Amino acid sequence: MDSTGTESSAGTGAEKDKAAVGLTKATPAPAPDPAPTTAEAPDIQSHDTFVIRKTLSLTAGEYVVNVARPDGSEGEPVAYAREKRLSLRGQVTVYTDASRKSVLAAFKGRDHEVGYMYDVRDASGQSFGSFYEDAGASFLRRTWQVRQPGTMKLTGREHSRVVAFVRFVWEFVPYLEYVPFIWPYRFKYTESGKTLMTVTKKLGLHTRYVLEILAPDIDRRLAIAHTLALDALEVD
């Protein structure tokens with residue numbers, strides 16, 4: 001080393017460079033944002049009105065469930081469903097998206113003292129509600145019992161006696177039972193005399209329902225599944 005200390009200065013600079021390189025290598029690059037996933041269930045509990053539209057194929061009936069806009073038109077889709085038309089007891093699976101990879105809810109009939117009981121289950125197979133047709137009260141006006149454990153028991157009945165009678169006769173006319181009933185009809189669901197939910201079939205050749213929920217505690221998955229059952233089980 002000379003008297004000016006040049007070598008010492010150079011050595012010090014090299015050590016600083018090495019330290020800087022070491023620090024740079026030790027600092028990890030920021031992780032990329034996670035890719036979006038469609039496996040998460042949509043937030044349907046915050047919505048009160050849905051529009052359900054059905055299309056037909058040779059082997060299945062397919063449904064799209066949309067949030068209703070304030071003007072009554074179809075908004076964003078929040079669920080998709082497929083009915084196995086060859087299933088004797090009625091079986092419908094509701095998915096969170098069109099890819100049908102994530103299950104939102106599903107129901108299938110089972111033997112029960114009331115006829116067929118339909119348990120509504122989530123993706124893990126856990127039951128969170130059920131419904132069945134009240135055969136004794138359904139002679140002229142179809143009546144359903146919808147149960148949400150620990151919350152409420154709803155009785156759903158066709159609102160119009162006249163339309164209910166026409167639908168009843170329609171089913172006994174040869175070949176008409178396979179033709180969609182195009183006239184509108186409405187079901188009202190009550191508990192202790194208070195209307196908590198309605199399902200309205202709209203007029204037209206295309207099958208379209210409006211589901212309106214008037215109680216915040218009603219599980220939207222159960223309400224949607226039952227609305228689909230009103231159509232899927234029509235000719236079972």
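What's counted below: heavy atoms across the whole structure, side chains too, no hydrogens, waters or symmetry copies. In this text the structure is predicted, and so the values were computed from the model without any measurement.
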Query raised in the report: Which heavy atom in G75 sits nearest to a heavy atom in N66, and how many Å separate them?
Result: O-OD1, 3.3 Å
Query raised in the report: When clusters are formed by joining ILVMFWY residues with side-chain heavy atoms under 4.5 Å apart, either directly or through shared neighbours, do V210 and I218 land in the same one?
Result: no
Query raised in the report: Is the NZ or CZ atom of R220 positioned over F50's six-membered ring, under 6.0 angstrom from the centre and within 45° of the axis?
Result: no
**Report entry** L233 reachable from V92 in the ILVMFWY side-chain graph, under 4.5 Å edges
**Finding:** yes
Query raised in the report: Does one hydrophobic cluster hold both V64 and L211, with members joined at side-chain heavy-atom distances below 4.5 Å?
Result: no
Query raised in the report: Atom CZ in R157, atom OG1 in T190: separation rounded to 0.5 Å?
Result: 7.0 Å
Query raised in the report: Is there a path of hydrophobic side-chain contacts, each under 4.5 Å between heavy atoms of I, L, V, M, F, W or Y residues, that connects V103 with I52?
Result: no
Query raised in the report: Would you say K101 and T96 make side-chain contact, with heavy atoms under 4.5 Å?
Result: no
Report task. Report yes if the side chains of I44 and I224 come closer than 4.5 Å at any heavy-atom pair, otherwise no. Result -> yes
Report summary line: Closest non-hydrogen contact found for F131 with W144 is CD1-CZ3, 3.7 Å
Report task. Go through M152 and M197 one step at a time and tell me if the side chain to side chain contact (heavy atoms under 4.5 Å, CB included) criterion holds. Result -> CA-CA 12 Å; M152 60 192 65; M197 186 174 86; over 6 Å; no
Requested in this report: Report the distance from atom CZ of F187 to atom OG1 of T143, rounding to the nearest 0.5 Å.
Outcome: 7.5 Å
Query - Interatomic distance, T55 atom OG1 to R82 atom CZ [nearest 0.5 angstrom] - result: 9.0 Å
Query raised in the report: H226 and ring-ring contact (aromatic ring centres under 6.0 Å, His included): which partner among Y118, Y189, F107?
Result: Y189
Requested in this report: Could you give me the CA-CA distance, side-chain angles and deciding distance for Y63 and D231, then say whether side chain to side chain contact (heavy atoms under 4.5 Å, CB included) is met?
Outcome: CA-CA 10 Å; Y63 304 85; D231 185 87; 2.7 Å; yes
Query - Note, R147 side chain near Y132 side chain (heavy atom, < 4.5 Å) - result: yes
**Report entry** Side chain to side chain, E62 and R100, heavy atoms closer than 4.5 Å
**Finding:** yes
**Report entry** Approximate separation, where rounding is to 0.5 Å, of R121 CZ and F128 CZ
**Finding:** 10.0 Å
Report task. Please examine the side chains of T155 and E191, heavy atoms only from C-beta on, and report whether any two atoms are closer than 4.5 Å. Result -> no
Report task. Of all the heavy-atom pairs spanning Q148 and D217, show the shortest one and how long it is. Result -> NE2-O, 2.9 Å
**Report entry** Minimum heavy-atom distance L228-A81, with the two atoms named
**Finding:** CD1-CB, 3.6 Å
Query - For K201 against T207, the heavy-atom pair lying closest together - result: CE-CG2, 4.4 Å
Query raised in the report: Does the R69 side chain pair with the main chain of E74, one donor and one acceptor, at a distance under 3.5 Å?
Result: yes
Query raised in the report: Got K108 and T93 here, is their nearest side-chain heavy-atom distance under 4.5 Å?
Result: no
**Report entry** Close aromatic pair by centroid cut-off 6.0 Å: Y95 and Y80
**Finding:** no
**Report entry** G72 to V51 - nearest heavy-atom pair and separation
**Finding:** O-CG2, 4.0 Å
Report task. Return yes if some donor-acceptor pair links the side-chain N/O of R141 with the main-chain N/O of E158 below 3.5 Å, else return no. Result -> yes
Query raised in the report: Are R221 and V120 close enough that some pair of their side-chain heavy atoms sits under 4.5 Å apart?
Result: no
